[in-house]
Number of protein chains: 2
Amino acid sequence: MPKNREQDVCEVRSIDRAKVMAVKKAMPSDRDIHSLSEIFSVLADPARTKIIYALSKEELCVCDIANILGNSISAVSHQLRILRNMRLVKFRKEAKRVYYSLDDRHINRLFNEGLKHVRE
Amino acid sequence: MPKNREQDVCEVRSIDRAKVMAVKKAMPSDRDIHSLSEIFSVLADPARTKIIYALSKEELCVCDIANILGNSISAVSHQLRILRNMRLVKFRKEAKRVYYSLDDRHINRLFNEGLKHVRE
DNA sequence: TGATTGTTTGAACAATTGTTCAAATATAAT
DNA sequence: ATTATATTTGAACAATTGTTCAAACAATCA
């Protein structure tokens, strides 16, 4: 995505300054908003959403995750790396296998809250 | 993104069939998973996240939303169309202006649950 | 009427995403 | 050692995303 250019302030005039100021003041920091979007983008992909759900039920090796999702081992491994980088999952090695499990208290609540939304 | 080819089942063997079956059975439908990811992808963009938050505080016209976000009118309008299509916001016209407001009970809870996550 | 203001829209574009494929690791078995 | 199995990794690629720009609409005002 292209980076925001210096905005043309003249074009963006405020209609209701009081409201605008109030909302701007209440708005969470750019840092928080960014982290928020980052978390949500994890669940914005069906494959990752399924992985999160699966791991909320069971500790699983990569092979079995791929089997559950119906995706390739490689694709799953790439997704797991993203989840690892975000510290959402942890893993342990056992023989040739690597077992993954959830490593985040909140992500599952987010999942369930979302599911409520979907099911109205 | 390329579409999933028919997976090479031979490559994806199951290690623990019982676990795999159990998780597969418990897994929400593909339809639900897809809707879930769709909802989350709305909040996966900082601009949209800010819009949702702003509208949770005040009914706002496009111009003021752009002002609050520091984005162009056009960019905001494009994002609003996405939110409209997903029935997350509603709008009313007043003179030359269009006022948007939230039209979804759950999205705000999702936002707040996410914020909890971010702030640990 | 024509000019102005607020918003929407579509095309174009760069950035990002998620997959596949092939090759590299790592661990265990023969 | 060689082979087989489980996983990771990087490059390549198509699909998608979010922005900008210019043009179109829509509503009001002179």
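Throughout, a chain's letter reflects where its sequence line sits, starting with A, and its residues are numbered from 1.
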Distance, rounded to the nearest Å, where [X] contributes [atom1] and [N] contributes [atom2]:
{"X": "Arg92(A)", "N": "dA6(D)", "atom1": "CZ", "atom2": "P", "value": "16 Å"}
{"X": "Ile51(A)", "N": "dT7(D)", "atom1": "CD1", "atom2": "P", "value": "13 Å"}
{"X": "Ile82(A)", "N": "dT16(C)", "atom1": "CD1", "atom2": "P", "value": "14 Å"}
{"X": "Asn67(A)", "N": "dA6(D)", "atom1": "CG", "atom2": "C1'", "value": "14 Å"}
{"X": "Glu94(A)", "N": "dA26(C)", "atom1": "CD", "atom2": "C1'", "value": "15 Å"}
{"X": "Arg81(A)", "N": "dG18(C)", "atom1": "CZ", "atom2": "C1'", "value": "11 Å"}
{"X": "Asp64(B)", "N": "dT5(C)", "atom1": "CG", "atom2": "P", "value": "16 Å"}
{"X": "Met86(B)", "N": "dT17(D)", "atom1": "CE", "atom2": "P", "value": "11 Å"}

**Item:** Pairwise 5' ranking along DNA chain C for Ala75(A) and Lys93(A), keeping only the more 5' one
**Value:**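 So the residue in question is Ala75(A).
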
**Message:** Pair Tyr99(A), Phe91(A) - check ring pair (Phe, Tyr, Trp, His ring centres under 6.0 Å), show working.
**Reply:** CA-CA 5 Å; Tyr99(A) 281 90; Phe91(A) 63 96; over 10 Å; no

**Stacking of His78(A) on dT19(C) base (centres under 5.5 Å, planes under 30°)** =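 The base of dT19(C) is not stacked with His78(A) (the test needs centres under 5.5 Å and planes under 30°).
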
Could you check whether [X] gets within reach of a base, just the sugar-phosphate, or nothing at all, counting any heavy atom under 4.0 Å?
{"X": "Phe91(A)", "answer": "nothing"}
{"X": "Ala95(A)", "answer": "sugar-phosphate"}
{"X": "Tyr99(A)", "answer": "nothing"}

**Message:** Which label fits His117(A) and His106(B): parallel for a plane angle under 30°, tilted from 30 to 60°, or perpendicular past 60°?
**Reply:**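 Ring orientation, 0 to 90° scale: perpendicular.
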
Distance test, side-chain N/O of [X] to OP1/OP2 of [N], below 4.0 Å:
{"X": "Arg48(A)", "N": "dG18(C)", "value": "yes"}
{"X": "Arg84(B)", "N": "dT9(C)", "value": "yes"}
{"X": "Arg97(B)", "N": "dA26(D)", "value": "no"}
{"X": "Tyr100(A)", "N": "dA6(D)", "value": "no"}
{"X": "Gln79(A)", "N": "dT19(C)", "value": "yes"}

**Asked** Are Asp104(B) and Arg87(B) ion-paired here, with the side-chain N under 4.0 Å from a carboxylate O?
**Response**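 No, Asp104(B) and Arg87(B) are not salt-bridged.
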
Which nucleotide sits closest to the side chain of [X]: [options]?
{"X": "Ser74(A)", "options": "dG18(C), dT7(D), dG10(D)", "answer": "dG10(D)"}
{"X": "Ile15(B)", "options": "dA6(D), dT5(C), dA22(C)", "answer": "dA6(D)"}
{"X": "Lys96(B)", "options": "dT28(D), dT5(D), dT19(D)", "answer": "dT28(D)"}
{"X": "Ser72(B)", "options": "dC21(C), dT5(C), dT20(D)", "answer": "dT20(D)"}

**Prompt:** Of Leu102(B), Val42(B), Asp103(B), which meets side-chain contact (heavy atoms from CB on, under 4.5 Å) against Leu83(B)?
**Reply:**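 When side-chain contact (heavy atoms from CB on, under 4.5 Å) is applied between Leu83(B) and each of Leu102(B), Val42(B), Asp103(B), only Val42(B) qualifies.
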
**Exercise: identify the closest heavy-atom pair between Arg84(A) and Val89(A)** =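 Scanning both residues, the minimum pair turns out to be N-CG2, 3.7 Å.
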
**Message:** If the test is salt bridge (charged side-chain N to carboxylate O under 4.0 Å, His left out), which one of Arg105(B), Lys116(B), Arg109(B) qualifies with Glu113(A)?
**Reply:**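 Among Arg105(B), Lys116(B), Arg109(B), the one that satisfies the salt bridge (charged side-chain N to carboxylate O under 4.0 Å, His left out) with Glu113(A) is Arg109(B).
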
